[in-house]
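Working notes for the structure below.
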Amino acid sequence: MEPERILEDEELGRLFVRVNVRAKRLTFRTKEEGVYVTIPPGTTLTELKKAIEQLRPRLKVAKERHSRPLIDLNYRIDTEYFKLTLVGGQKERFLSRSELGEMQIICPPSADFSDKSLQTWLRKVIEEALRRNAKIILPPRLYMLSMQHNLPYKRVKINSSSGRWGSCSARGDINLSYYLVLLPGHLIDYVLLHELAHTREMNHGERFWALLDRLTGGRAQALREELKQCRTGI
């Protein structure tokens, strides 16, 4: 491979690949303009692409963090199960009003939304609201689908994963990201059915997809492609 090369990836954008004679392994650094990849001499394109595929979920998360929108008075979340607004207030402190499916943050006139620590705090406040909503919305929905399709599971946990929507262990424990509540209902059900299907087929082989296709009325692949257009995170 030549000393410097730019690869275009549909999901990750530009990857700036550079050979470093002192490098002993492949390293990835994500910046606003793209992903910088340092590789040892002699690394083949096949080896590079294999490494990219193995790290793709983590690289996507890192890219999303660099491209996060600014949370200010223009920021909105308006989804089926969660709505958020920020409004200007008169008091010199932040206030919030929250109920199932809705949250309003009242901001002081002096709020500096360019401050990174404020952005971090606002994200934590919003993410905690998402967690509370997810704990109320997702477990009953999972239980209903489990009973409907006779796919029992052991237990369910809500987590903060921004790299995957859900997972299922070999023991039948299901983990769900609280970011699921930002999806429309039919995609929430797709993810839940996907994980429930793993209680019977712990792989992504033909039998798994055949089962998931039956569970989704023949729409497994279409729903999978639709979900790829969605992002975990805010």
Side-chain angles (χ1 to χ4, degrees), residues 1-69 116 119-120 123 127 130 157-180 182-183 187 190-199 201-213 220-234:
M1 187 179 295
E2 57 265 34
E4 292 192 11
R5 180 172 183 174
I6 298 177
L7 300 179
E8 296 286 348
D9 185 275
E10 188 173 334
E11 290 183 316
L12 303 175
R14 287 189 169 187
L15 292 96
F16 301 91
V17 184
R18 295 173 180 172
V19 178
N20 187 324
V21 294
R22 293 174 296 192
K24 296 182 179 180
R25 57 187 177 85
L26 282 75
T27 58
F28 294 78
R29 289 182 297 119
T30 304
K31 296 186 178 182
E32 288 187 14
E33 61 271 23
V35 181
Y36 286 81
V37 189
T38 302
I39 62 175
T43 303
T44 66
L45 183 59
T46 299
E47 291 170 334
L48 173 60
K49 288 184 175 180
K50 183 179 179 181
I52 292 170
E53 290 308 314
Q54 290 175 339
L55 293 173
R56 182 173 294 276
R58 291 169 59 185
L59 292 173
K60 285 173 63 179
V61 171
K63 181 190 175 189
E64 287 172 359
R65 285 176 179 162
H66 277 281
S67 60
R68 283 176 169 179
K116 289 186 178 181
Q119 288 293 305
T120 298
R123 289 189 189 281
E127 287 167 353
L130 290 174
K157 288 185 177 180
I158 307 300
N159 62 34
S160 61
S161 174
S162 57
R164 60 197 307 183
W165 297 106
S167 63
C168 179
S169 73
R171 296 176 56 185
D173 295 332
I174 291 178
N175 292 291
L176 301 172
S177 169
Y178 55 62
Y179 293 115
L180 275 168
L182 298 178
L183 296 178
L187 287 181
Y190 167 75
V191 173
L192 301 187
L193 289 169
H194 184 114
E195 303 311 331
L196 286 171
H198 278 313
T199 64
E201 297 290 340
M202 279 300 300
N203 55 66
H204 286 107
E206 289 184 9
R207 293 198 304 179
F208 168 83
W209 287 108
L211 172 60
L212 188 55
D213 214 35
Q221 291 300 327
L223 291 167
R224 181 190 186 194
E225 291 304 313
E226 186 178 351
L227 185 64
K228 286 182 178 180
Q229 307 308 311
C230 304
R231 57 182 282 177
T232 49
I234 57 173

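Nothing here was measured: the structure is a model prediction, and the numbers come from that model. Values reported hereafter were calculated over all heavy atoms of this structure, with side chains retained and with hydrogens, waters and symmetry mates removed. Throughout, residue positions are numbered sequentially from 1 according to the sequence presented.
Taking the six-membered ring where tryptophan is involved, the planes of H194 and W209 are perpendicular, since the angle between them exceeds 60° and thus also 30°.
Atom CH2 in W165 sits 5.5 Å away from atom SG in C230 (nearest 0.5 Å). For the atom pair CD1 (I6) and CZ (R18), the distance works out to 8.5 Å, reported to the nearest 0.5 Å. To the nearest 0.5 Å, the span separating CG on L26 from CD on Q54 amounts to 10.0 Å. Distance check: L15 CG to L48 CG gives 7.5 Å after rounding to the nearest 0.5 Å. In this structure, Q221 CD and D213 CG are separated by 7.0 Å, a value rounded to the nearest 0.5 Å. How far CD1 of I39 is from CZ of R5: 9.5 Å, rounded to the nearest 0.5 Å.
In this structure, the side chain to side chain contact (heavy atoms under 4.5 Å, CB included) partners of E201, at least two apart in sequence or on a different chain, are N203, R207, F208, L211. For Q119, there are no side-chain hydrogen bond (donor to acceptor under 3.5 Å, both in side chains) partners two or more places apart in sequence or in a different chain.
Comment: E53 engages R56 in a salt bridge, judged by a side-chain N to carboxylate O separation of less than 4.0 angstrom. Note on K228 versus E225: salt bridge recorded, some NZ/NE/NH1/NH2 to OD/OE distance being below 4.0 Å.
The shortest heavy-atom contact between K63 and E11 is NZ-O, 2.8 Å. In this structure, S161 and S177 approach most closely via the heavy-atom pair O-OG, 2.7 Å. Closest approach of C168 and I174 over heavy atoms only: SG-CG1, 4.0 Å. Looking at every heavy atom in both residues, P41 comes nearest to A23 through CD-O, 4.4 Å.
Tested against F28 for a side-chain contact (heavy atoms from CB on, under 4.5 Å), the candidates L12, T38, V37 yield a single pass: V37.
In this model, no donor atom of one side chain and acceptor atom of the other lie less than 3.5 Å apart for E226 and Y190.
Here the side chains of Y179 and I234 are in contact, with some heavy-atom distance below 4.5 Å. Proximity of V35 to L59: side-chain heavy atoms (C-beta onward) are separated by under 4.5 Å at one or more points. Side-chain contact between L187 and L180: absent, with no pair of heavy atoms (C-beta onward) separated by less than 4.5 Å. A heavy-atom distance below 4.5 Å is found between the side chains of L182 and L130.
Within the structure, side chain to side chain donor-acceptor pair (under 3.5 Å) contacts touching residues 19-31 (residues at least two apart or in different chains) do not occur.
R123 CZ: more than 12 foreign heavy atoms inside a 6.0 Å radius.
A donor-acceptor pair under 3.5 Å is absent between the side-chain atoms of K50 and the main chain of L45, judged by distance alone.
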